[in-house]
Colleague: 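The structure follows.
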Amino acid sequence: MTTELIVKGKLADNERLKSESNFLRGTIAQDLKDRITGGFTPDNFQLIRTHGMYQQDDRDIRAERQKQKLEPLHNVMLRARLPGGIITPTQWLAIDKFSDEKTSYGSIRLTTRQTFQYHGVLKPDIKLMHQTLDSVGIDSIATAGDVNRNVLCTPNPVESEVHQEAYEWAKKISEHLLPKTRAYAEIWLDEEKVETTEHDEPILGSAYLPRKFKTTVVVPPQNDIDVHANDLNFVAISENGKLIGFNVLVGGGLAMTHGDKATYPRKADDFGFISAEHTLAVAEAVVTTQRDWGNRVNRKNAKTKYTLDRVGIDVFKAEVEKRAGVSFGDSRPYQFTDRGDRIGWVKGIDNKHHLTVFIENGRILDFSNDNGSNKSLKTGMKKIAEIHQGDFRLTANQNLIIAGVAEQDKAEIEKIARESGLIDDSVSNQRKSSMACVAFPTCPLAMAEAERYLPGLVTDVEVILAKNGLVNESIILRVTGCPNGCGRAMLAEIGLVGKGPGKYNMYLGSNLGGTRIPKLYKENLGEQDILSEIDSLSARWAAERNENEAFGDFVIRVGIVSEVKISVRDFHND
Ligand code: SRM
Ligand code: SF4
């Protein structure tokens, strides 16, 4: 290998701790027994991520505890591994019970990557949490940290054979790229200690990946998992209803740092077509190329998207072909037309019914809020899980599908869903098209509110759209509490990115298919400015748009923002 493919310099500290961790064990087991603190040592604070947990504390009460000279109320957030987002009713009931009994927020939080999170689990309950999940066949291996994360898949496999096959591939890819160390089983499940050697970790190596790595399998025309947020994507290509292979898209990612032009959101590049039998070899080759060439000096430029722009797309692609022993063919034609979930009932090829329910911000909880809205989403889900014969599928839009409902069970499930607010006909198209990341109070990186801000913001936007004659229309609106972009604002028609308390940068111009990165429109907007911008922009859209022209296409056509064609060139420049 030529040395210029590798960034030289002092390695980031995470490299030390991964290499010295004895294959992700560190001293987590000892640390767990230390009850003097509710937290972990700095190295283990990082290492527990590879086991699917983040140490957090409630930011709403942080200052108050500091005043009382108390340590922050440390707890962990857990993120489960669910390739393709599938959960059985038995699993749901166990997840639900643990959230009631042992999490301080009492909620189940569906994420933008088709899984769920618990927030607020205290140190003495962490092992019980893993053992409870393990008892129903769920783990949280590699859902965070410098590894391949939860593999996403277009979430309605029963809609066609292609969907089912795509899901099978998502599972296989997830297993293939998983860390092989037994650290998780030893630490959390008390299984026998088995030494791990370099030989046991052939794909990820003893220092694992330079940075997080994200993979999807997607079935066009839906792009409901947002391929361009991901390092590696397999776009299903079918002929006569059968999956024949994939177009492989590499190097997407949305995060940036305010004020640092060397960071930017970037679309994935299309490497070309492979037949299905080469899927695992290609996945492995992309991962190992990124493992060897990714920047281990500067974590801000460590993701695959930066490796591609540094070494060149052709060089990276040729290396993948060499390692996989495969030549990419010409890309096969496909089109992404939308990214939303089809809320409501659909009927699958198996003659079963599937109900997609809208869950605002993915937060499954019984609540009553200031607007007089009462919903018992958690109780409703529990009641459904008690009688449901099919399964549940989480979507990457933080929603949930009650899948595989037999004709005779449909009415009962619909009744529970309506009574609990899981079905709510009053939810507007605009609300269904809006999404936010978690942000406060649990996210340590949040600069501004997101999940707690979105519901009220959408109510205001609904009024504005109605005033401008757009009552049934919607704009893909996403709010993210910092530029890391967990709510995927960098693939929104209107993206709000937290800058500071109550302040957001506004980006405009993604499209319905999610194949365009939006562009900065205005900086540091407060609530009133945001609303007046949305008012004047949507009024212009209503008055000047071409027939059926989407908001994101309109703002580019009339020159409100310029189009980002190539991120590294256009995103930060006019
Ligand atoms: Fe994220 C870090 C929440 C999807 C980019 N993300 C975090 C942390 C763990 C904060 C931290 O590091 O301490 C947040 C925890 C908040 C909390 O209290 O729960 C967090 N990210 C989330 C979730 C829960 C948002 C949501 O509302 O659903 C999503 C969980 C996904 C999952 O199940 O795995 C989530 N994060 C994303 C996405 C969207 C996606 O993948 O489709 C992105 C942008 C895509 C990308 O990766 O480019 C994203 N999260 C980040 C980053 C920036 C990564 C980078 O390239 O620099 C961070 C910070 C980091 O890694 O240093 C981050
Ligand atoms: Fe936290 Fe920022 Fe991610 Fe929102 S975008 S969850 S604020 S890291």
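Atoms within each ligand, like the ligands themselves, are counted from 1 in listed order. Residue numbers start at 1 and run along the sequence shown.
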Colleague: Between Arg79 and ligand 1, find which residue part has any heavy-atom pair under 4.0 Å and reply side chain, backbone, both or neither.
Modeller: side chain
Colleague: N/O of Arg149 under 3.5 Å from N/O of ligand 1, yes or no?
Modeller: no
Colleague: Tell me whether the count of non-hydrogen atoms from other residues, nucleotides or ligands lying under 6.0 Å of CD in Gln66 goes above 12.
Modeller: no
Colleague: Nearest to atom 16 (C) of ligand 1, what protein heavy atom do you find, and at what distance?
Modeller: Cys443 CB, 3.6 Å
Colleague: Using a 4.0 Å cut-off to any heavy atom of His119, which atoms of ligand 1 qualify?
Modeller: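 That gives atoms 17 (C), 18 (O), 19 (O) of ligand 1.
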Colleague: Looking only at protein heavy atoms, which one is nearest to atom 7 (S) of ligand 2, and how far off is it?
Modeller: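 In this structure, atom 7 (S) of ligand 2 has Ala446 CA, 3.4 Å as its nearest protein heavy atom.
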Colleague: Ignoring angles and geometry beyond distance, decide whether Asn230 reaches within less than 3.5 Å of ligand 1 through its nitrogen or oxygen atoms.
Modeller: no
Colleague: Judging by distance only, is a nitrogen or oxygen of Tyr54 under 3.5 angstrom from one on ligand 1?
Modeller: no
Colleague: Below 3.5 angstrom, do we get any N/O pair linking Thr115 and ligand 1?
Modeller: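 So ligand 1 has no N or O lying under 3.5 Å from an N or O of Thr115.
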Colleague: Among all protein non-hydrogen atoms, which one is nearest to atom 1 (Fe) of ligand 2, and what is the separation to 0.1 Å?
Modeller: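 Looking only at protein heavy atoms, the one closest to atom 1 (Fe) of ligand 2 is Cys443 SG, 2.2 Å.
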Colleague: Taking only heavy atoms of Thr480, which atoms of ligand 2 are found under 4.0 Å from at least one of them?
Modeller: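 Atoms satisfying the 4.0 Å criterion: 5 (S).
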Colleague: Does any N or O atom in Leu110 lie less than 3.5 angstrom from one in ligand 1, N or O only?
Modeller: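 Between Leu110 and ligand 1 (N or O atoms, distance only) the closest approach is not under 3.5 Å.
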Colleague: Would you mind checking which non-hydrogen protein atom is closest to atom 4 (Fe) of ligand 2, with the distance to 0.1 Å?
Modeller: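 Protein heavy atom at minimum distance: Cys437 SG, 2.3 Å.
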Colleague: Please state whether Ala439 comes within less than 4.0 angstrom of ligand 2, counting heavy atoms only.
Modeller: yes
Colleague: Tell me the contacting part of Arg299 for ligand 1: side chain, backbone, both, or neither, using a 4.0 Å heavy-atom threshold, strictly below.
Modeller: neither
Colleague: Looking only at heavy atoms of Arg211, does any of them come nearer than 4.0 Å to an atom of ligand 1?
Modeller: yes
Colleague: Give the residue, atom name and distance (to 0.1 Å) of the protein heavy atom nearest atom 44 (C) of ligand 1.
Modeller: Gly485 O, 3.5 Å
Colleague: Please state which protein non-hydrogen atom is closest to atom 2 (Fe) of ligand 2 and give its distance, to 0.1 Å?
Modeller: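 Nearest protein contact, heavy atoms only, for atom 2 (Fe) of ligand 2 is Cys482 SG, 2.3 Å.
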Colleague: Could you list which atoms of ligand 1 come closer than 4.0 Å to a heavy atom of Met77?
Modeller: 15 (C), 19 (O)
Colleague: Could you tell me which atoms of ligand 1, counted from 1 in the order shown, lie closer than 4.0 angstrom to a heavy atom of Lys303?
Modeller: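 In order of number, 46 (C), 47 (O), 48 (O), 56 (O).
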Colleague: Go through ligand 1 atom by atom and flag the ones less than 4.0 Å from a non-hydrogen atom of Pro444.
Modeller: 13 (O)
Colleague: Provide the number and element of each atom of ligand 1 under 4.0 Å from a heavy atom of Gly253.
Modeller: 48 (O)
Colleague: How far is atom 33 (O) of ligand 1 from the closest protein heavy atom, and which atom is that?
Modeller: Thr111 OG1, 2.7 Å
Colleague: Among all the protein's non-hydrogen atoms, which is closest to atom 43 (C) of ligand 1, and how far away is it?
Modeller: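 Nearest neighbour among protein heavy atoms for atom 43 (C) of ligand 1, to 0.1 Å: Lys214 NZ, 3.3 Å.
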Colleague: Output yes if Cys486 passes the N/O/S-under-2.8 Å test against atom 2 (Fe) of ligand 2; output no otherwise.
Modeller: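 Given the 2.8 Å cut-off, Cys486 does not count as a ligand of atom 2 (Fe) of ligand 2.
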